[in-house]
There are 2 protein chains.
Amino acid sequence: MPGNRIAKPTERRAGLYLRELQMLQRQGVETIPSSTLGAILGFSDAQVRRDMAELGMAGKPGRGYQVAAMVETLQTRFGIDRTWMVSIIGVGNLGRALAGHQGFWRQGFRCVAAFDRDPSVIGSKISGVRIHGIDQLEEILKKTGTELAILAVPAGEATSIADRIAKTQVSGILNFSPVTLHPTRGGLEIVQVDVSLEMQRLAFAVVNASPNR
Amino acid sequence: MPGNRIAKPTERRAGLYLRELQMLQRQGVETIPSSTLGAILGFSDAQVRRDMAELGMAGKPGRGYQVAAMVETLQTRFGIDRTWMVSIIGVGNLGRALAGHQGFWRQGFRCVAAFDRDPSVIGSKISGVRIHGIDQLEEILKKTGTELAILAVPAGEATSIADRIAKTQVSGILNFSPVTLHPTRGGLEIVQVDVSLEMQRLAFAVVNASPNR
DNA sequence: TGATGTGAAAGCGTTCACAGCG
DNA sequence: CGCTGTGAACGCTTTCACATCA
């Protein structure tokens with residue numbers, strides 16, 4: 001049933017399913033069994049079937065799952081059937097790259113505004129979007145109808161800006177700043193991404209790697 | 001005991017601990033109880049104590065944990081007490097941003113080479129590092145003693161390049177490409193980061209958000 | 001007293017295994 | 001026959017609760 005709450009691990013895998021299924025669809029694959037899909041993504045077949053059931057998708061015994069139907073269901077669940085208004089806050093190296101990132105703005109996300117503190121970039125455009133001063137944050141977020149914010153500012157500024165965002169209509173923050181943000185208000189979702197941290201995780205994994213066979 | 005195997009969830013949190021403890025250290029904090037550290041990062045105090053025990057760190061009853069000692073222990077576990085040689089493969093928007101990303105190259109990681117397919121950028125430099133043609137991959141990876149590779153190429157090229165990397169001495173890949181890579185050889189660690197996927201996850205979380213109080 | 005360290009219990013998520021269906 | 005859907009078993013994490021220690 002599609003009314004369920006989805007578990008965090010399933011939520012994470014759902015994105016991978018969608019990405020892969022879209023690719024399969026482009027290749028003309030119409031139907032796929034859980035075992036094959038699992039092999040591509042590194043999951044067990046049982047895992048895939050559990051996830052599909054949780055996400056409200058049914059397969060056919062003897063045949064597998066229908067790719068097109070899965071893509072549609074997942075897109076709906078992801079809210080990709082509609083367009084999200086997104087603003088980028090902090091136009092440094094990373095913010096700039098995200099603004100121009102291929103595929104970022106092709107799945108139902110539209111960049112409607114950018115912000116920075118640096119006066120030398122305010123007023124200019126980036127990937128066709130105007131850069132505003134951070135002092136106009138609330139005003140422009142409201143005017144543009146921003147629903148999701150990408151936060152890519154230095155550590156020192158992240159928390160205070162997040163607090164300001166939390167008081168607007170924005171319902172989600174994708175946080176690239178090296179600070180742990182807490183949802184200060186109900187209804188504000190936060191996803192943390194710290195590329196330096198991932199790099200460290202890789203180093204950690206290598207150092208603590210199993211003395212494998 | 002520092003010889004233990006560390007569980008994945010603990011490994012993930014370890015990076016957050018280090019980041020936060022380094023900040024506390026800069027602020028002159030010498031000692032901190034598990035409850036306070038947990039509150040900052042959004043973990044329970046019990047969680048923090050379990051993790052510390054697993055990572056081989058002891059606190060003092062009535063006082064808490066020593067920040068300096070924790071930082072040092074974690075840095076050793078992360079292999080940050082030494083310098084990792086890193087190459088960036090794919091100098092598009094994202095690769096370029098990572099090459100110049102603050103804090104990325106300040107924690108024991110040194111960028112020693114970059115690669116791209118596009119002839120118009122080959123030979124030029126990015127953040128002081130020369131860009132090589134992708135055909136020289138194996139040669140340059142070896143010459144520079146690259147240990148970790150950052151993969152930021154289009155979906156179609158990721159798998160084949162990863163296979164080539166797997167045959168070298170490189171021991172880890174940080175994969176930003178929108179493809180799931182499988183460790184083809186033992187000893188090769190892979191960490192996946194897909195910013196588009198994280199964006200989708202955020203949208204998903206907002207759509208499926210609890211009808212909170 | 002204030003906080004650690006840790007058995008024991010609880011909670012989750014994954015895997016197993018197999019009945020059931022196209 | 002091939003593959004789904006799922007109860008039950010399993011194993012891994014987290015939380016609880018409290019003896020212990022500076």
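Throughout, a chain's letter reflects where its sequence line sits, starting with A, and its residues are numbered from 1. Because the structure is a prediction, the values reported are computed rather than measured.
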Notebook entry, point to check: Hey, is B:Glu157 close enough to B:Arg117 for a salt bridge, meaning N to O under 4.0 Å?
Noted result: yes
Margin query: In whole Å, I'd like the distance from the NZ atom of B:Lys8 to the P atom of D:dC12.
Written below: 13 Å
Notebook entry, point to check: Want to settle it: does A:Thr10 or B:Met52 sit nearer the 5' end of DNA chain C, counting the closest nucleotide to each?
Noted result: B:Met52
Margin query: Heavy atoms only, 4.0 Å cut-off, all strands: where does A:Arg12 land among base, sugar-phosphate and nothing?
Written below: nothing
Note to self: What is the separation between atom CG on A:Asp51 and atom C1' on D:dT6, rounded to the nearest whole Å?
What the structure shows: 14 Å
Notebook entry, point to check: If you measure from the Lys or Arg side-chain nitrogens to the Asp or Glu carboxylate oxygens, is any gap between B:Glu11 and B:Lys8 under 4.0 Å?
Noted result: no
Notebook entry, point to check: What integer distance in Å separates A:Met57:CE from D:dG5:P?
Noted result: 10 Å
Margin query: Using only atom types and a distance under 3.5 Å, with no angle test, would you say the side chain of A:Ser177 pairs donor to acceptor with the backbone of A:Val153?
Written below: yes
Next item on the list: Check A:His101 against B:Leu94 and note the closest heavy-atom contact, atom names and distance.
Entry: CE1-CD2, 4.2 Å
Next item on the list: Over all heavy atoms of both residues, which pair between A:Pro183 and A:Leu188 is shortest? Give the atoms and the distance, please.
Entry: CB-O, 3.7 Å
Note to self: Can you see if the side chain of B:Gln47 gets near the phosphate of D:dT15 - specifically, an N or O under 4.0 Å from OP1 or OP2?
What the structure shows: yes
Next item on the list: Starting from P on D:dT13, measure out to CG on B:Leu55 and report it in whole angstrom.
Entry: 13 Å
Note to self: Per the salt bridge (Lys or Arg N to Asp or Glu O under 4.0 Å) rule, what does the pair list look like for residues 28-45 of chain A, sequence neighbours excluded?
What the structure shows: A:Asp45-A:Arg49
Throw together a table of side-chain donor-acceptor distances under 3.5 angstrom for residues 78-87 of chain A, partners on residues two or more places apart or in other chains.
{"unit_1": "A:Arg82", "atom_1": "NH2", "unit_2": "A:Glu147", "atom_2": "OE2", "d": "2.8"}
{"unit_1": "A:Trp84", "atom_1": "NE1", "unit_2": "A:Gly79", "atom_2": "O", "d": "2.7"}
{"unit_1": "A:Ser87", "atom_1": "OG", "unit_2": "A:Thr146", "atom_2": "OG1", "d": "2.7"}

Margin query: Under 6.0 Å between ring centres: does that hold for B:Phe43 and B:Tyr17?
Written below: yes
Note to self: Just N and O in the side chain of A:Tyr65: are any of them under 4.0 Å from OP1 or OP2 of D:dG5?
What the structure shows: yes
Check: Under 6.0 Å from the CZ atom of B:Arg164, do we count more than 12 heavy atoms belonging to anything else shown?
Finding: yes
Margin query: Tell me whether the count of non-hydrogen atoms from other residues, nucleotides or ligands lying under 6.0 Å of CD in A:Gln169 goes above 12.
Written below: yes
Next item on the list: Run through A:Glu54, A:Arg50, A:Arg5 and flag the one making a side-chain hydrogen bond (donor to acceptor under 3.5 Å, both in side chains) with A:Thr10.
Entry: A:Glu54
Margin query: Between C1' on D:dT13 and CZ on B:Arg13, what's the gap in Å once rounded to a whole number?
Written below: 8 Å
Checklist line | Segment of DNA chain C, first to last nucleotide, that comes within the 4.0 Å heavy-atom reach of chain B | finding: C:dG2 to C:dA8
Check: What residues in residues 26-40 of chain A put a non-hydrogen atom under 4.0 Å from any atom of DNA chain D?
Finding: A:Pro33, A:Ser34
Note to self: Are there over 12 heavy-atom neighbours, none belonging to B:Arg13, within less than 6.0 Å of that residue's CZ?
What the structure shows: yes
Note to self: Between the side chains of A:Glu138 and A:Lys167, is the shortest nitrogen-to-carboxylate-oxygen separation below 4.0 Å, so that they form an ion pair?
What the structure shows: no
Hey, what are the protein-to-nucleotides 16-22 of chain D N/O distances that come in under 3.5 Å?
{"unit_1": "D:dA17", "atom_1": "N6", "unit_2": "B:Arg49", "atom_2": "NH2", "d": "3.3"}

Notebook entry, point to check: End-to-end bend of the helix from C:dT1-D:dA22 to C:dG22-D:dC1 (five-pair axes, 10° rounding)?
Noted result: 20°
Check: Quick one: do the B:Arg19 and A:Thr180 side chains pair a donor with an acceptor below 3.5 Å?
Finding: yes
